[in-house]
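Within every chain, numbering begins at 1; the chains are lettered A, B, ... in the order of the sequence lines, protein sequences first and strands thereafter.
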There are 2 protein chains.
Amino acid sequence: MSVTQQPRRRDAAATREAILNSAIEAFTRAGYDGAGVREVAAAAGVTAMLVNRYFGSKEQLFAEVVNRSFAPPTIVGDDPAELPAQIARALVDRTDPAAAQLSPFLLMLRSAGNPRAAEIMHDAIAGHAGSRLTGLLDGADADQRAELILALIAGVWLMRSVIATPALTGADPAALTARLTIALQALSGPGH
Amino acid sequence: MSVTQQPRRRDAAATREAILNSAIEAFTRAGYDGAGVREVAAAAGVTAMLVNRYFGSKEQLFAEVVNRSFAPPTIVGDDPAELPAQIARALVDRTDPAAAQLSPFLLMLRSAGNPRAAEIMHDAIAGHAGSRLTGLLDGADADQRAELILALIAGVWLMRSVIATPALTGADPAALTARLTIALQALSGPGH
DNA sequence: ATTGGATGTCTACGACCGTAGACCGCACTG
DNA sequence: CAGTGCGGTCTACGGTCGTAGACATCCAAT
């Protein structure tokens, strides 16, 4: 990203952070298999070996990227009644085909092909990310409904941003948001 | 799959078919980047070069795999009213964590990380697969609703089979089917 | 029986991958 | 000013990848 290569004073923490940010960008854009250690290192202004020195291996680097990328709380608020509409709005907005966005969902979708990467993401979701959305829901099977919501989000992200399916990329944002809101409401409600 | 390597008489059509089937299995299991030409060839009982001889390149082989894999009509019937329930049943059944299934959705999810593979799948969906489901719906924006249904299916497949999210893998099949039916109904209806 | 084209294999090249160990130089402490 | 330890780089190894060209082999038609 930042081609501006100011020499950067010797600072272990800052360098580590630069590598991590570069890795988030690279893994999100190209997936686990598509992003190389040399590429991550070059974008951070260092050598490939330094990456392994700080993170041990590409796999461990990816694990830190996943934890960092999945960490920030989702953009949605905390009113359960408004949740579906908020998610729908944010989803349609952030999957706009015109603007390429950095997102944990893109990271997940583009890295799902690698078994080790899938396992790492599984652990991250099972450990932290899943429970956050679950906490916003109430009633029975809140965890199942939360994961279904995540599934719908991921699916839309896949079709609209990665595969660039015609009807979804060309859809009227307002209409798409409305329809997604309805579907998300169906998934949010206790249902019984 | 079939480790039985009977010499197989010289038969161009049969060999081509064996390679294609082997490629479907390999690409679906490991994704575009994860499956190698040598691996595909070995499983078909031939050499790597023969693959390129018959299909030109790995990319063209993948294109044929996608077209073949997306070709068979979805398992669902043709009664629009029963569509959501049928899809939900088939989806929950075929994403059973115990039984690893061959499916175009798995192929898509595990290959989405590669840009060229994504483009090939885009063309296949835009050209054929998308319109098939669209034809089963009626009302305005049928294509958009069809793609949203595909998105939900893909998302559930991702979370349940690839990432193996806890609440979805451990869910009671009947309850999960019921909830998915509701969500699919919300996506199927004209909505206005 | 021979010939010729189709069918399949062998060897190899160049590129890229993740990673290991030896080495270098700056900055700070004494 | 000397030296030491941390931050960083260089070189290289073994491996796998996709693919190209020359070569072998089998089957069918003559």
For A:D33, enumerate each residue passing the salt bridge (charged side-chain N to carboxylate O under 4.0 Å, His left out) test, keeping only those at least two apart in sequence or located in another chain.
none
How does protein contact run along nucleotides 15-23 of chain D, one letter per nucleotide 5' to 3', with B for base contact, S for sugar-phosphate only, - for none, heavy atoms under 4.0 Å?
--BBBBB--
Just how far, in rounded Å, is C1' of C:dT7 from CD1 of B:I19?
11 Å
Non-hydrogen atoms of B:M121 and B:V66 that approach each other most closely
CG-CG2, 4.0 Å
Tell me the closest heavy-atom pair linking B:L187 and A:A183, and the distance in Å.
CD2-CB, 3.6 Å
Spacing between B:L50 atom CG and C:dC10 atom C1', to the nearest angstrom:
13 Å
In terms of ring plane angle, is the pair A:F62 and A:F27 parallel, tilted or perpendicular, where the classes change at 30° and 60°?
perpendicular
So does B:T15 get a side-chain nitrogen or oxygen closer than 4.0 Å to the phosphate oxygens (OP1/OP2) of C:dT7?
no
Checking all strands, does A:F55 fall into the base, sugar-phosphate, or nothing category for heavy-atom contacts under 4.0 angstrom?
nothing
In one Ile/Leu/Val/Met/Phe/Trp/Tyr side-chain cluster, 4.5 Å: B:Y54, B:M49
no
What is the distance, rounded to the nearest whole Å, between atom OH of A:Y54 and atom P of D:dC6?
12 Å
A:I182 versus B:A186, closest heavy-atom pair with distance:
CG2-CB, 3.8 Å
